[in-house]
Amino acid sequence: MTTATIAPSPAAPVGDAANVRPAAPHLNFNQIANEQFQAAADHMKLDREIQLLLRTPYRELIVQIPVRMDNGSLELFHGFRVQHNAVRGPYKGGIRYHHKVDLNEVRSLAALMTWKTALVDVPFGGAKGGITCDPTNMSRKELQSLTRGFAQKIDMALGVYRDIPAPDVGTNAQVMAWIMDEYGKKHGYTPAIVTGKPVNLGGSLGRDEATGRGVMIITREACKAFGMDIKNARVAIQGFGNVGSWAARLISNLGAKIVAVSDVKGGIYAEKGLDIEKVFTHLNSTGSVVDMPGTQDVTNEELLTLNVDVLIPAALGGAITEKNVDDVKAKLVVEAANSPVTPFADEKFRSKGIRIVPDILANAGGVTVSYFEWVQNLQQFNWDLDKVNHELELRMVKAWNAVHQRHTDEKIPLRMAAYAVALAKVAEASRQRF
Ligand code: GLU
């Protein structure tokens, strides 16, 4: 029998940001998640037994998914579902389709979901799934077959009160519809088995825009708290997928100038601010934001270093590292993506007085409305859009206030404050169960 041990923690930091341990420049996503957890656990003097329970996932599934491709060949894909913790409720988290997905990344994202659901106080635990594939190079038929194959393979780990998937990078409402349909073949009509479904199939109004709306609410609150006027703020957003594009639209509605946005092909910049509706029109007709008339093309790298007040990385993890952190000029960084800032870059930012709103707070709007969708499915009673947006607003502002309070009271970074708020809830539920 092997016994898990935990290395003795350095003295718990008290006081300001300077006492967070120095971070190594090259960490993989799981090491990053562990680092962030450990810093908060040390600060809170979280007891050894709780740390033991929370450091590693509860269950990890790795499955093979054979798919007959359109050209007749058989391809083998690998899928993952990592269930990190469920002391506060069923496992909850998205499914990511991307060619760089691996177990390590999914593991780290599953842990982030545990902290995220606790932070916004929805009765879920944390999980994440993924398939190593390039969905941009697959036909609808191939994607459907891949998704149904995955749903069959992880079926035994799913359940309305066990584990509820949702969309993430590279997946969408259609993918959720296929999972629901596949699950239904065996278990009967079960809309609450996934969230982020098409509204027509039991999805919630407002779920599609929920993560972006949450980013807008948190950006607004952070600007207010740090004495920045959102109406005059210059904002750059890396990523124009579901999260980035909704955030751009909703933040520009507050009066801010979105001076740059980007997608995988590159970015665009306009000194006077972009007309976001026109960016959507251009994107819909050309398939990308680049080369939009009246704007200047910038690379994704250049976008991160523009002279702006607020930078919103809304693409993939690891966007700001030791390589480019010194070139970032924003005063506030809002992590709309998961893990876009490495611990090394995080520390650099703090030493320069740049504030970072952590992912587990900034992008928690998605899972919050997933909770509303699940509730509506279970009660078979649909909410109107105003109710969804109102409830989202209440929960996001409450979470922001709790994190900001702790940040101010304990003079700790926002990320550590967010972890501390979340960890306290998960730890309490663990103590009550064990
Ligand atoms: N994939 C989203 C996230 O990372 C949403 C998860 C969910 O709604 O369950 O937060």
Side-chain angles (χ1 to χ4, degrees), residues 29 33 80-86 88-98 101 105-131 154 158-173 175-176 179-180 191-198 202-204 206-215 217-218 239 241-244 246-247 313-317 334-340 357-377 388 391-392 395-396 399 418 422:
F29 285 118
F80 311 91
R81 185 72 180 170
V82 174
Q83 298 175 330
H84 176 259
N85 187 280
R88 299 185 57 264
Y91 297 104
K92 185 83 190 81
I95 292 177
R96 178 173 289 205
Y97 287 1
H98 192 267
V101 160
E105 185 189 39
V106 178
R107 224 180 238 162
S108 75
L109 293 167
L112 288 187
M113 287 309 303
T114 302
W115 316 135
K116 213 183 283 188
T117 52
L119 192 53
V120 286
D121 210 14
V122 293
F124 289 135
K128 200 81 174 196
I131 301 180
I154 64 167
L158 301 183
V160 169
Y161 294 106
R162 184 170 294 278
D163 186 352
I164 306 128
D168 197 76
V169 173
T171 57
N172 54 21
V175 172
M176 295 307 114
I179 295 176
M180 178 184 96
I193 193 59
V194 285
T195 58
K197 304 175 281 295
S204 177
R207 175 61 185 86
D208 190 49
E209 68 191 76
T211 313
R213 182 169 287 277
V215 170
I217 295 168
I218 294 296
N242 171 279
V243 181
W246 273 110
L316 290 169
V334 180
E335 293 187 327
N338 287 314
S339 307
V357 184
D359 44 12
I360 56 171
L361 175 60
N363 69 30
V367 76
T368 303
V369 176
S370 276
Y371 166 57
F372 302 157
E373 181 171 330
W374 183 72
V375 165
Q376 291 172 72
N377 292 153
V388 172
E391 294 286 335
L392 174 63
R395 281 183 192 260
M396 295 302 293

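Counting from 1, the numbers follow the sequence of the chain as shown. Both counts, for ligands and for their atoms, begin at 1 and track the order of listing.
- Rounding to the nearest 0.5 Å places OG1 of Thr114 at 11.0 Å from NZ of Lys128.
- Here the rule is side chain to side chain contact (heavy atoms under 4.5 Å, CB included) with Val101, and of Ile131, Val106, Ile95, Val169 only Val106 fits it.
- Between Ser204 and Thr195, every side-chain heavy-atom pair lies at or beyond the 4.5 Å cut-off.
- The shortest side-chain heavy-atom distance between Trp115 and His84 falls under the 4.5 Å cut-off.
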When you pair each N or O of ligand 1 with protein N or O atoms, which pairs come out under 3.5 Å?
{"residue": "ligand 1", "atom": "1 (N)", "partner": "Pro167", "partner atom": "O", "Å": "2.9"}
{"residue": "ligand 1", "atom": "1 (N)", "partner": "Asp168", "partner atom": "OD1", "Å": "2.7"}
{"residue": "ligand 1", "atom": "4 (O)", "partner": "Lys116", "partner atom": "NZ", "Å": "3.1"}
{"residue": "ligand 1", "atom": "4 (O)", "partner": "Lys128", "partner atom": "NZ", "Å": "3.0"}
{"residue": "ligand 1", "atom": "4 (O)", "partner": "Asp168", "partner atom": "OD1", "Å": "3.4"}
{"residue": "ligand 1", "atom": "8 (O)", "partner": "Arg207", "partner atom": "NH2", "Å": "3.1"}
{"residue": "ligand 1", "atom": "8 (O)", "partner": "Ser370", "partner atom": "OG", "Å": "2.5"}
{"residue": "ligand 1", "atom": "9 (O)", "partner": "Lys92", "partner atom": "NZ", "Å": "2.8"}
{"residue": "ligand 1", "atom": "10 (O)", "partner": "Lys116", "partner atom": "NZ", "Å": "2.8"}

Could you go step by step and tell me if Arg88 and Asp121 meet the salt bridge (Lys or Arg N to Asp or Glu O under 4.0 Å) rule?
CA-CA 9 Å; Arg88 299 185 57 264; Asp121 210 14; 3.0 Å; yes
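- Under the 3.5 Å distance criterion, with hydrogens and angles disregarded, no donor-acceptor pair is assigned to the side chains of Arg96 and Thr171.
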